[in-house]
Amino acid sequence: MKMTVVEQVKQQLKDEIIQAVLKAGLATGEQIPDVVLETPKDKAHGDFATNMAMQLARIAKQAPRKIAEALVENFDKKKGHIREIEIAGPGFINFFLDNSYLTRLIPTILEEGDDYGQSTKGSGKKIQIEYVSANPTGSLHLGHARGAAVGDTLIRILRKAGYEASPEYYINDAGNQIGNLTTSLEARYFQALGIEKEMPEDGYQGQDIVKLGQQLAEKYGDEYVHKSDKERNQFLRNFGVEHLMAKIKKDLSDFGVHFDVWFSETSLYESGEITSVLEKLKERGHTYEQDGALWFASTKFGDDKDRVLIKSDGSYTYLTPDIAYHLNKFLRGFDQLINVWGADHHGYIPRMKAAMEALGYDPNRLEVQIIQLVNLFKDGEKVKMSKRTGKAVTLRELMEEVGTDAMRYFFAMRSSDSHLDFDIDLAVSRSNENPVFYVQYAHARICSMLKRAESYETASLEEVDLSLLTSEKEIDLLKKVGEFPEVIADSAEQLAIQRMTTYLFDLASTLHSFYNAEKVLDPENKELSRARVALMKAVKITLKNAMDLIGVNAPVSM
RNA sequence: GGCUCCGUAGCUCAGUGGAUAGAGCGUCGGUUUCCUAAACCGUGCGUCGCAGGUUCGAUUCCUGCCGGGGCCA
């Protein structure tokens, strides 16, 4: 695998640290712990630091600072690009590098362009992410929106980190909710024709169903009133699911979220996978009959109680097709399954994992990311949401009010297991308080400079003297830009998308700071200007790629 | 009651077992004859909910408790 410039330098440094440990006779090759090389928060602590001396304290049975001294004595400065080494604190070894290597980043980044940041860390591991999976019984609301943003961003980050990531939406188009949808729609259809018909008790009250009923009346008149119940039901069911799914798909695609696979629950019935998964559970001895129902002995696998698979009336619980679906995923050869679920589903995790284990799979291969609630704030007050009255704020409404960029950014900004306060006023404000604008402005600012920079450009990058980039702000920018591949790898590994947003903000901030301190286009100093233009191009590419990962547009002007 | 998430600065939140715990906003004060001031610079701001435990070292891991949100019963 091709290593980035930063990785090469770090690797070299790690190798030299190991050499120093061996030379100092502090530990044998086998005893040496993994070399941890961190980037200190405080610049005064060097470019990189290692805690090796502390880690060796027990093995070498010496005080950390004493070990550190021995290490420094035996360290080959020349090989490690080291300008200075110091021992600090309880035994940290701080390395100050000769930062000239950083300028090598620029040609690499300019060459890689959109691919900059791409790595093979995930080594093609096949990961499936199932997210949103809202029932086709209405519009997507804010919880779905957050799930959509999180899932899609995860997909993008995982792919950039070298995983093979497949997004999938599970359509609950069988089950009770759909029966309810059908009877709700039937009532609305009849009502639109002026025929009295009551809505089912817990029917879907939303306006969208009313409209669908009207559409049906306009298009088909009373044609389906006179058909048999079975025929009408079948028709209304398909009509409803189709239309509501079309709407959901449109909402998602306008939100920048795209799925490879739309998996239908009904298909599990048709293919016989539900009966076969039940057979499989029975064969393995994990089911029993009681009170006329078929139970799954999930407590054997850590669940707090056993679960019904087939109710006494012969119908399936919603768990049953779900188990079949997850088995289907494994049979398709995914190494890892990730489900992005709303907080209201957390109680579902143990039984799902139990089912996987009962079927002979390692339950750790199923990972569930729980998305906590979103609270909307407007004019400093919490916006109340009520599903009952059909007044829940929808993805579509918020998208129209604040735009996709703000939504995507805000949803990617927080760790998904924290509650999220979404401030509408902040999201639309064109001020420096709004992080979306702040980040986008950094990109637009560079584009604006580059537009004016044409007179400074030379025929090729080789003619630009990048060694002129030595100021503090320039080094800061180069380091930041060089971190990008690592940030991607980390956030992929930890499934922590907020790391990407944090990084993006930092990078924008570093750029703004540089911009105010140094002049990029200086007619008095064309050589330096050319070098800085090249640097700006590298920063622009990095900003753009990072924004792509969270699904935010990178405007060329604002 | 069971399960789960959260508890870090006045507010909203970052923080892969490491150094003096960070950012934005808010406070106060500065910066533009100059590439977009949607920006920058400076300034204060903390019993990391509490108590134990593991560790050379805990905001981070474990246990218990307290407080808040959510789900289930």
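In the set B:C56, B:A19, B:C13, the nucleotide with an atom closest to the side chain of A:Arg414 is B:C13. For A:Ala343, whose side chain is taken as the heavy atoms from C-beta onward, the closest listed nucleotide among B:C34, B:G70, B:A19 is B:G70. Of the listed nucleotides (B:A19, B:G70, B:A38), B:G70 has the atom at the smallest distance from the side chain of A:Leu373. For A:Gln372, the listed nucleotide lying nearest its side chain is B:G69; candidates were B:G69, B:C35, B:C40. Of the candidate nucleotides B:A37, B:G70, B:A38, B:A37 has the atom lying nearest to any side-chain atom of A:Tyr515. Checked against B:G70, B:A38, B:C41, the side chain of A:Phe437 finds its nearest nucleotide in B:A38. When each of B:A19, B:C35, B:C71 is scored by its nearest atom to the side-chain atoms of A:Glu38, the top-ranked nucleotide is B:A19. Distances were taken from every side-chain heavy atom of A:His512 (C-beta onward) to each of B:A19, B:C40, B:C35; the shortest belongs to B:C40. Checking B:A19, B:G15, B:C35 against every side-chain atom of A:Lys519, the shortest atom distance belongs to B:C35. Taking only side-chain atoms of A:Met54, from C-beta outward, the nucleotide of B:C13, B:A19, B:G18 with the closest atom is B:G18.
Residue A:Met52 contributes atom CE, which lies 17 Å from atom P of B:C56 at whole-angstrom precision. Here the P atom of nucleotide B:U4 and the CD atom of A:Gln369 are 17 Å apart, to the nearest Å. Between A:Phe377 atom CZ and B:C25 atom C1' the separation is 15 Å, expressed in whole Å. Rounded to an integer number of Å, the gap from NE2 of A:His45 to P of B:A19 is 9 Å. Distance, A:Tyr409 OH to B:A38 C1': 14 Å, rounded to whole Å. As rounded to whole Å, 18 Å separates atom P of B:A23 from atom CG of A:Leu504. The separation between A:Met536 atom CE and B:C35 atom P is 16 Å, rounded to whole Å. Look at NZ on A:Lys526: it is 14 Å from C1' on B:C35, rounded to the nearest Å.
When side chains are defined from C-beta on, A:Asp152 counts as touching A:Arg408, because their heavy atoms get closer than 4.5 Å. The side-chain heavy atoms of A:Phe92 and A:Ile87, taken from C-beta on, include no pair separated by under 4.5 Å.
Across all strands, A:Ala517 comes closer than 4.0 Å to no nucleic acid atom at all (heavy-atom distances). Among the atoms of the strands shown, base atoms are found under 4.0 Å from some heavy atom of A:Leu521. Residue contacts shown for A:Ala57 are absent, as no nucleic acid heavy atom lies under 4.0 Å away. Counting any heavy atom pair closer than 4.0 Å across all strands shown, A:Glu524 reaches no nucleic acid atom. Note on A:Asp490: nothing from the nucleic acid sits closer than 4.0 angstrom, heavy atoms only. Note on A:Tyr438: only backbone sugar-phosphate atoms sit closer than 4.0 angstrom, heavy atoms only; bases stay farther off. Nucleic acid contact class of A:Glu433 (heavy atoms, under 4.0 Å, all strands): sugar-phosphate only. Nucleic acid contact for A:Asn94: base, since at least one base atom lies under 4.0 Å from a heavy atom of the residue. Contact annotation for A:Thr502: backbone-only contact, meaning every heavy-atom pair under 4.0 Å involves sugar-phosphate atoms and none involves a base. Looking at heavy-atom distances under 4.0 Å, A:Ala444 makes contact with a base. A:Ser429 comes within 4.0 angstrom of nothing in the nucleic acid, heavy atoms only. Using a 4.0 Å heavy-atom criterion, one finds that A:Gln498 contacts the sugar-phosphate atoms exclusively.
Taking the P atoms as reference points, B:G49 lies 24 Å from B:G44, given to the whole Å. As rounded to the nearest Å, B:C11 and B:C45 have C1' atoms that lie 12 Å from one another. Taking atom P on both B:U27 and B:U20, the two are 32 Å apart, rounded to the nearest angstrom. B:C5 and B:G26: their P atoms are spaced 34 Å apart (whole Å). For B:C35 and B:G29, the P atoms lie 28 Å apart once the distance is rounded to whole Å. Using atom P as the reference point in both B:A19 and B:C61, the two lie 15 Å apart (nearest Å). Taking atom P on both B:A9 and B:U59, the two are 15 Å apart, rounded to the nearest angstrom. B:U63 and B:G69 are spaced 23 Å apart, taking the C1' atom of each and rounding to whole Å.
Between A:Phe411 and A:Phe422, a ring centre-to-centre spacing shorter than 6.0 Å is recorded. A ring-centre distance under 6.0 Å is found for A:Phe75 and A:Phe95.
Residue-nucleotide stacking is not present for A:Phe505 and B:A23, judged by a side-chain ring centre under 5.5 Å from the six-membered base ring centre and planes under 30° apart. Residue ring and nucleobase are not stacked for A:His419 and B:G69 under a centre distance beneath 5.5 angstrom and an angle between planes beneath 30°.
Of the two residues contacting RNA chain B, namely A:Ile370 and A:Ala508, the nearest-nucleotide position lying further toward the 5' end is that of A:Ile370. Comparing A:Asp522 and A:Asp506 by the nucleotide of RNA chain B that holds the closest heavy atom to each, the one mapping nearer the 5' end is A:Asp506.
Pairing partner, B:G18: B:C56, with both Watson-Crick or wobble hydrogen-bond distances short of 3.5 Å. Base pairing analysis places B:C34 opposite nothing; no Watson-Crick or G-U wobble pair with both distances below 3.5 Å involves it. In a base pair of the Watson-Crick type (N1 to N3 plus N6-O4 or O6-N4) or a G-U wobble (N1-O2 and O6-N3), with each distance short of 3.5 Å, B:C72 is matched with B:G1. Across the strands present, B:U63 finds its partner in B:A51; the criterion is a Watson-Crick or G-U wobble pair with both atom distances under 3.5 angstrom. Pair assignment for B:C45 gives none, since no Watson-Crick or G-U wobble pairing has each distance under 3.5 Å. The nucleotide B:C25 finds its pairing partner in B:G10, both defining distances of the Watson-Crick or G-U wobble pair being shorter than 3.5 Å.
The backbone N or O of A:Ser509 sits nowhere less than 3.5 Å from a side-chain atom of A:Ser513 that would complete a donor-acceptor pair. In terms of modelled atom types and a separation under 3.5 Å, the side chain of A:Asn339 and the main chain of A:Trp341 share no donor-acceptor contact.
When only modelled atom types and interatomic distance are considered, A:Gln11 and A:Asp15 share a side-chain donor-acceptor pair under 3.5 Å. Counting only N and O atoms by type, the side chains of A:Gln498 and A:Thr501 include no donor and acceptor under 3.5 Å apart. Judged purely by distance below 3.5 Å, without hydrogens or angles, the side chains of A:Ser315 and A:Asp313 pair a donor atom with an acceptor atom. A side-chain donor-acceptor contact under 3.5 Å links A:His286 and A:Lys300.
Residue A:Arg445 places no side-chain N or O under 4.0 Å from the OP1 or OP2 atom of B:A38.
Judged by atom type and distance alone, A:Asp304 does not reach the base of B:G2 through any side-chain donor-acceptor pair under 3.5 Å.
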